[in-house]
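In what follows, a structure is listed as structure tokens, so that the remarks can point back to it.
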Amino acid sequence: MFILESESISRSAEKRVKMSGGVNTETLVRVEEIQGRGRGLVSTQPLRGGQIVVVDSPIILYSALPLTKQQHSASLYCDKCFKTIQSASISCPTCCHRRFCSPTCLSAALASSHGPWVCQSLSRLRDCQDFLQHHSVERQTQAQFLIAAYNLAFVSPSDFQILLSLQGRAEDEDPAIVQSLHSVLSSLCHPPPIEGFSFSLELIAALIAKDKFNAFGLMEPLNLNEENGGQRSVRAYGIYPKASLFNHDCLPNACRFDYVDTNSSGNTDIVVRMIHDVPQGREICLSYFPVNSNYSTRRKRLLEDYGFTCDCDRCKVEATWSDDECDGDDNEVMEEDVDEPMEAESDGEEIDNGNSADFPHAYFFLRYMCNRNNCWGTLAPFPPSDAKPSNLLECNACGAIKNDEVC
């Protein structure tokens with residue numbers, strides 16, 4: 001049973017997550033080297049469904065809106081906190097292009113993310129028709145990231161060092177793309193010198209790699225109408241150092257939530273909650289995209305975007321399916337293969353996604369995938385209250401609340 005999110009439920013949910021977010025999560029997971037997967041996060045103790053394991057703030061945020069769109073339309077989001085602007089916005093007094101939801105956000109941006117060099121650089125890119133006409137939206141977005149990243153070296157050198165320490169190898173990037181972006185930025189908005197760094201091809205390649213492998217998208221509100229088909233666009237990208245350590249699994253045991261449009265500080269934080277119970281020593285994984293994606297789509301996207309081939313339990317099973325089975329909607333397969341609800345996991349034990357050799361993820365889809373039309377979000381319980389598990393599950397895409405007690 002789904003309860004469509006009312007204003008009172010939304011406020012209650014936000015309050016509960018905030019209160020739990022104050023708990024020290026540093027001791028719940030640790031970083032380990034995992035064979036064949038690199039660094040990952042592993043539970044240091046048994047974890048319960050709904051438990052918050054990471055609350056992370058971005059070291060860098062930048063707009064996902066293409067420069068061409070910025071040039072021809074009013075921004076829908078504050079360029080500091082990225083909340084939806086509900087009323088009259090305040091423009092940058094210098095460039096008049098960037099818009100902010102309040103004087104507080106404007107002042108904070110002018111002192112950090114939208115200083116004089118950033119303001120001038122973005123204006124020059126936006127006004128350069130040759131750049132806009134001959135560079136893709138992806139390349140425009142990468143240029144915005146490079147400006148934001150180089151600015152980070154000025155405003156927070158320690159965070160810049162953290163950025164450079166994240167996963168991503170410069171040698172894996174396309175030299176032609178690196179050269180193109182270096183040429184554009186050098187000619188239009190060459191940055192002032194930074195001690196210990198030069199605006200080199202090597203630095204550009206390294207930064208692009210860090211962005212490619214570590215950026216999280218802060219999504220626009222989900223539109224569930226039929227015509228839209230549940231598509232969501234990204235309003236902003238952020239680099240989250242702790243959250244970037246989560247590896248991928250096509251049947252994740254945790255999922256991330258963001259509450260960008262809430263009226264609170266830290267609205268751009270990422271909150272990672274457990275989907276179900278796991279024992280001590282288990283790796284905690286997210287899915288890098290909606291879990292309903294079929295095998296061929298997942299394989300192609302992981303290889304192209306992240307440079308690896310997934311060999312999780314789900315992929316091992318689906319790799320043996322025929323092309324027709326792999327191309328079908330996983331949710332339809334679930335409905336065909338599951339005639340009756342499976343029994344819930346016993347108290348304190350994780351679910352076993354491998355009970356069925358033919359379709360090990362049927363139970364996961366049945367319980368933890370949002371079934372609202374065109375949503376495909378993942379459900380996780382609210383944080384436990386007084387050590388008691390919650391019967392309410394929240395969708396990380398549409399925000400709907402499911403009462404698990406009556407399902």
Side-chain angles (χ1 to χ4, degrees), residues 57-135 137-157 159-160 163 180-195 197-199 203-204 207 211 215 218 220 234-239 260-261 265 267-268:
S57 300
I59 58 174
I60 186 170
L61 275 175
Y62 62 99
S63 176
L65 200 65
L67 289 166
T68 49
K69 189 172 181 180
Q70 293 175 12
Q71 189 178 46
H72 298 294
S73 65
S75 175
L76 297 174
Y77 306 108
C78 173
D79 280 297
K80 175 59 179 176
C81 71
F82 290 97
K83 293 177 185 175
T84 303
I85 296 178
Q86 303 288 358
S87 56
S89 61
I90 303 172
S91 298
C92 168
T94 303
C95 68
C96 298
H97 292 294
R98 296 289 176 171
R99 292 176 168 81
F100 304 91
C101 65
S102 68
T104 301
C105 276
L106 172 60
S107 298
L110 294 178
S112 57
S113 59
H114 194 68
W117 175 75
V118 173
C119 181
Q120 182 183 68
S121 298
L122 292 175
S123 294
R124 288 179 176 177
L125 284 179
R126 191 181 295 108
D127 294 338
C128 180
Q129 291 303 311
D130 182 69
F131 173 71
L132 298 179
Q133 291 173 7
H134 295 95
H135 289 79
V137 168
E138 181 182 3
R139 218 62 66 229
Q140 294 178 36
T141 304
Q142 286 178 320
Q144 292 185 86
F145 162 72
L146 290 170
I147 290 171
Y150 214 78
N151 178 65
L152 185 68
F154 292 104
V155 299
S156 182
D159 283 340
F160 187 68
L163 174 62
S180 174
L181 287 167
H182 182 268
S183 298
V184 168
L185 296 179
S186 295
S187 61
L188 292 178
C189 42
H190 197 289
I194 298 176
E195 185 177 354
F197 295 96
S198 61
F199 194 65
L203 180 59
I204 294 290
L207 290 173
D211 180 55
L218 297 180
E220 294 181 335
V234 182
R235 67 175 86 186
Y237 291 104
I239 304 291
V260 183
D261 285 317
S265 59
N267 70 301
T268 55

Okay, side chain of [X], backbone of [Y]: is any donor-acceptor separation there less than 3.5 Å?
{"X": "Gln140", "Y": "Pro66", "value": "no"}
{"X": "Asp79", "Y": "Arg99", "value": "yes"}
{"X": "Arg235", "Y": "Phe82", "value": "yes"}
{"X": "Asp159", "Y": "Leu152", "value": "no"}
{"X": "Gln144", "Y": "Leu65", "value": "yes"}
{"X": "His182", "Y": "Leu203", "value": "no"}

Next item on the list: Give the intermediate values and the outcome of side-chain contact (heavy atoms from CB on, under 4.5 Å) for residues Asn267 and Lys83.
Entry: CA-CA 8 Å; Asn267 70 301; Lys83 293 177 185 175; 3.4 Å; yes

Taking side chain as C-beta onward, heavy atoms only, is [X] less than 4.5 Å from [Y]?
{"X": "Phe160", "Y": "Leu207", "result": "yes"}
{"X": "Asp211", "Y": "Leu146", "result": "no"}
{"X": "Ile60", "Y": "Ser156", "result": "no"}
{"X": "Leu185", "Y": "Tyr150", "result": "no"}
{"X": "Ser102", "Y": "Lys80", "result": "no"}
{"X": "Leu61", "Y": "Ser113", "result": "no"}

Next item on the list: Quick one: do Leu67 and Phe131 satisfy side-chain contact (heavy atoms from CB on, under 4.5 Å)? Show the steps, please.
Entry: CA-CA 10 Å; Leu67 289 166; Phe131 173 71; 3.7 Å; yes

If you look only at distance, which donor and acceptor atoms sit under 3.5 Å apart when one is on a side chain in residues 187-195 and the other is two or more places apart or in another chain?
{"residue": "Ser187", "atom": "OG", "partner": "Ser183", "partner atom": "O", "Å": "3.0"}
{"residue": "Ser187", "atom": "OG", "partner": "Val184", "partner atom": "O", "Å": "3.0"}

Checklist line | ring-ring contact (aromatic ring centres under 6.0 Å, His included) pairs, two or more places apart, involving residues 100-122 | finding: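 Listed once each, the pairs would be none.
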
As an exercise, state the distance from [atom1] of [X] to [atom2] of [Y], rounded to the nearest 0.5 Å.
{"X": "Arg139", "Y": "Ser180", "atom1": "CZ", "atom2": "OG", "value": "7.5 Å"}
{"X": "Glu220", "Y": "Asp261", "atom1": "CD", "atom2": "CG", "value": "10.0 Å"}
{"X": "Ile85", "Y": "Tyr77", "atom1": "CD1", "atom2": "OH", "value": "10.0 Å"}

Next item on the list: Using the test ring pair (Phe, Tyr, Trp, His ring centres under 6.0 Å), find all partners of Tyr62 that sit at least two apart in sequence or belong to another chain.
Entry: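 Once residues adjacent in sequence are excluded, the partners of Tyr62 under the ring pair (Phe, Tyr, Trp, His ring centres under 6.0 Å) criterion are Phe145, Tyr237.
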
